[in-house]
Amino acid sequence: MGLFSRRKTVHVDSDILVIGGGMAGCGATYESRYWGRDLKIVCVEKANIERSGAVAQGLYAINCYMGMQWDENQPEDHVRYARNDLMGLVREDLGYDIARHVDATVHKFEEWGLPIMRDPETGRYQREGKWQIMIHGESYKPIVAEAARKAATEVYNRIMVTHLLMDKTKANRVAGAVGFNVRTGDFYVFRAKAVIVGAGGASHIFKPRAVGEGMGRTWYAPWSSASAYALPIEVGAKMTQMENRIVLTRFKDGYGPVGAYFLHLKTYTENVNGEEYESTWYEDTKALVGDYIDRHPVPTCLRNHAILKEVAAGRGPIRMVTKEAFQDPHKETVGWENFLGMTIGQAVVWASQNIDPKEINPELTTSEPYVMGSHATCSGAWASGPEDYAPSEYQWGYNRMMTVDGLFGAGDTIGGTAHKFSSGSFTEGRIAAKAAVKYVNDLSSEQPQVSEAEYQNLEEIVFQPMENYQVGRNEIVAGTVSPSYLLPIHGLQRLEKIMDEYVGGISTNYMTNEWSLKRGLELLGMLKEDMKNIGAEDLHQLQRTWELDHRLTASFSVAHHTLFREETRWPGYYYRGDHMKLDDDNWHCFTLSRYDRHSGDWEMEKAPVYHIVD
């Protein structure tokens, strides 16, 4: 460590440590202060909470709002909706818990200054769909971040958390985390009685459609580097439904969202011949999934399946019919503002390609897969449920605590709870924080102990890529090619290629099988061996290195889960070519995994699904 002797080691003590300053992290920070008035609450974010997380750029709608004050929906309705969309497999206790509290969260947002559109006739929030309400959301994240900043004892921006720390006095109990400042290089040791992980899910584990200079143009935030999963996986927390990746139908090249177009502008899709196509594939889909195709609304993955089949039949691309709606000046304005408020890149793409949606029906595409527990799928950590609603098998003491004592999660981190989106993630952060405060209070004077040897060893590991570069940089053969080290971008491209070709990415039309998955796991293992030879030129590249490491860890989990579930539960998201049909007799269950960092083994098991809501 001689090269880094000038860098400081900073020790920070806290009662509750919140990792990630997105919507879930801000919710956890805010609520921790409400229940823990005298506690030390620390929030750590690798960017700046003012503009971090999936909502950083803005949002034009809140996609999870019941409207209970007007009797529009009840929490049970939302559970039924999520269960239907996820083909029967959701943690109904966790989903209900969010749904019963999410309206109160949205009302707080409005109190804090978020402009929510209202219906001029009824005075109610302006609905975009059954669950969505429309907002002027350019400043959505700064508004929420301000509440978290005021609640926190301290917010540490620009800190990349790389590892969790475990208690040296009690097995299977978290004691804090370590990371480094991406601007100064200082090494941080955070000691805590409880840790809430609210970090981001996984983009860029599968090869994106946009490559080269455009590789950052993905649907989900490119800075979401799977820390939500890697951090708990590495300390032995059980994960669930990690095979349940999501594929989005979005406007081509810019990944602009389609929800406002379908729901508010009442647009629809057609094939290249101007024909309706979904009914063409009804019998084909029914043969795969049975009566799930007859559910209303049709599950998202099955709508994707129809698009993929239609394009494969030579009648693509699928296009969004906008020419009719955009003849209305108001709808035209809403259509453009929808992008300017949250996906400016889509408006730029259309302008640069001479696409005026009033004159041309723009193309749609399906994205590369993403792994995230806050949107429309259920990947994430296996967590304890609410005492008053969860079955006994789903409870082990504290709401939203993982299978590691003192380790809580929210947002992308927690599995089994689809369709929480921004408001639900903030709400889940609040739920986790309330439970974490109770956990800390129950500890009383008992303080988890951090091993000095452990964090000193981790410091060496964290900065080793910079050592590798300093030692080997004079051995460059040509350009950026070195016999001594890999660059983070090379490792990322290798990871994306493996996942794309073997675990069901775009190059195989989301198809995989047992042989491919086992081969993919072999290649991931080789990449893991080579990670010790990553070279980081500067702190930015060091951050990229650890983002890659987290993505790799999550990718192992995705591959193992996909191999374990021997059915095709979500056609349109991925296909098991050797098990093409949904199999409710054998696989109407959750998949669970646990990684043993000492042996390197993955243990897989099934967990029962309890249908609590009729």
- Item | Stepwise side-chain contact (heavy atoms from CB on, under 4.5 Å) check, Thr377 with Arg245 | CA-CA 7 Å; Thr377 49; Arg245 77 290 298 273; over 6 Å; no

- Steps toward side-chain contact (heavy atoms from CB on, under 4.5 Å) verdict (Tyr439, Met401): CA-CA 9 Å; Tyr439 173 85; Met401 190 169 80; 4.3 Å; yes

- Before giving the answer on side-chain contact (heavy atoms from CB on, under 4.5 Å), spell out for Tyr255 and Ser367 the whole-Å C-alpha distance, their side-chain angles and the decisive distance to 0.1 Å. CA-CA 8 Å; Tyr255 289 104; Ser367 71; 3.5 Å; yes

- Verdict with reasoning, Gln57 to Ile344, per side-chain contact (heavy atoms from CB on, under 4.5 Å): CA-CA 9 Å; Gln57 190 173 217; Ile344 297 171; 4.3 Å; yes

- Task: Take Asn244 and Ser379 through the test side chain to side chain donor-acceptor pair (under 3.5 Å) and record every step on the way to the result.
- Result: CA-CA 6 Å; Asn244 188 195; Ser379 47; over 6 Å; no

- Task: Test side chain to side chain donor-acceptor pair (under 3.5 Å) on Ser484 and Arg473 and set out the steps.
- Result: CA-CA 8 Å; Ser484 302; Arg473 63 180 177 172; over 6 Å; no

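Exactly one residue among Tyr188, Phe190, Tyr455 makes a ring-ring contact (aromatic ring centres under 6.0 Å, His included) with His11. That residue is Tyr455. Just one of His561, Gln241, Glu243, Lys238 meets the side-chain hydrogen bond (donor to acceptor under 3.5 Å, both in side chains) condition when paired with Ser593; it is His561. When each of Arg191, Lys193, Arg37 is paired with Asp15, the salt bridge (Lys or Arg N to Asp or Glu O under 4.0 Å) condition holds for Lys193 and for no other.
Between Ile489 and Met215 the shortest side-chain heavy-atom distance falls below 4.5 Å. Proximity of Leu165 to Val235: side-chain heavy atoms (C-beta onward) are nowhere separated by under 4.5 Å. Within the 4.5 Å cutoff, the side chain of Glu368 has heavy atoms near those of the Arg209 side chain. Side-chain contact between Thr153 and Arg33 is present, with heavy atoms from C-beta onward closer than 4.5 Å. Residues Lys46 and Glu547 meet the side-chain proximity criterion, which asks for heavy atoms closer than 4.5 Å. Using a 4.5 Å heavy-atom threshold, the side chains of Met160 and His550 count as touching. When side chains are defined from C-beta on, Arg7 does not count as touching Phe180, because their heavy atoms never get closer than 4.5 Å. Taking 4.5 Å as the limit, some side-chain heavy atom of Leu114 sits within range of a side-chain heavy atom of Ile62.
Side chain of Ser557 to main chain of Thr553: no donor-acceptor pair is present (N/O by atom type, distance under 3.5 Å, no hydrogens or angles). Looking only at distances, a side-chain donor or acceptor of Ser203 sits under 3.5 Å from a matching main-chain atom of Ala221. Side-chain atoms of Lys528 do not come within 3.5 Å of backbone N or O of Leu552 as any donor-acceptor pair. Here the side chain of Gln449 pairs a donor or acceptor atom with the backbone of Gln447 at under 3.5 angstrom. In this structure, Arg400 contributes its side chain and Gly409 its backbone to no donor-acceptor pair below 3.5 Å. Between the side chain of Asp596 and the main chain of Gly236, no donor-acceptor pair closer than 3.5 Å is present. At least one donor-acceptor pair under 3.5 Å links the side chain of Thr545 to the backbone N or O of Gln541. For Asn172 (side chain) and Thr403 (main-chain N/O), a donor-acceptor pair under 3.5 Å exists by modelled atom type. Proximity of a side-chain donor or acceptor of Ser425 to a complementary backbone N or O of Met23 within less than 3.5 Å is not detected. Not one N or O on the side chain of Lys170 forms a donor-acceptor pair closer than 3.5 Å with the backbone of Pro448.
Asn399 and Ser384 get closest at one heavy-atom pair: OD1-O, 3.4 Å. Ala432 and Ala410 get closest at one heavy-atom pair: CB-CB, 4.5 Å. For the residue pair Leu487 and Ile534, the shortest heavy atom distance occurs at O-CD1, 4.1 Å. In terms of heavy-atom proximity, Tyr220 sits nearest to Ser374 at OH-OG, 4.4 Å. Nearest approach of Val10 to Asp186, heavy atoms of both residues: CG2-CB, 4.4 Å. In terms of heavy-atom proximity, Ser32 sits nearest to Val437 at O-CG2, 3.8 Å.
Using a cutoff of 4.0 Å between basic side-chain nitrogens and carboxylate oxygens, Glu454 and Lys168 are not scored as salt-bridged. With respect to Glu496 and Arg551, no salt bridge is recorded, no charged nitrogen being found less than 4.0 Å from a carboxylate O. The pair Arg173-Glu446 counts as a salt bridge, with a side-chain nitrogen and a carboxylate oxygen less than 4.0 angstrom apart.
Within 6.0 Å of the CZ atom in Arg183, the count of heavy atoms belonging to other residues, nucleotides or ligands does not exceed 12. Counting non-hydrogen atoms of other residues, nucleotides and ligands closer than 6.0 Å to NZ of Lys150 gives a total of 12 or fewer.
How far CZ of Arg594 is from CH2 of Trp382: 16.0 Å, rounded to the nearest 0.5 Å. A distance of 6.0 Å separates CG of Asn441 from CG of Leu39, quoted to the nearest 0.5 Å. In this structure, the separation between CD on Gln543 and CZ on Arg158 is 8.5 Å, given to the nearest 0.5 Å. Rounded to the nearest 0.5 Å, atoms NE2 (His375) and CD1 (Ile246) are 5.5 Å apart. Distance check, rounded to the nearest 0.5 Å: CD of Glu110 to CD1 of Ile143 gives 11.0 Å. Note: Ile233 CD1 to Arg597 CZ = 13.0 Å, rounded to the nearest 0.5 Å.
For Trp35, there are no ring-ring contact (aromatic ring centres under 6.0 Å, His included) partners at least two apart in sequence or on another chain. Legend: residues meeting ring-ring contact (aromatic ring centres under 6.0 Å, His included) with His163, ordered by chain and number and at least two apart, are Trp546. Annotation: ring-ring contact (aromatic ring centres under 6.0 Å, His included) contacts of His419 (sequence neighbours excluded): Tyr81, Phe421.
Defined by atom type and a distance below 3.5 Å, a donor-acceptor pair is present between the side-chain atoms of Tyr140 and Ser422. A side-chain N or O of Thr427 and one of Thr105 form a donor-acceptor pair less than 3.5 Å apart.
The aromatic rings of Tyr469 and Tyr485 lie tilted to each other, with the angle between the two planes from 30° to 60°. Relative orientation of the Trp602 and Phe556 rings is parallel, given thresholds of 30° and 60° on the angle between their planes.
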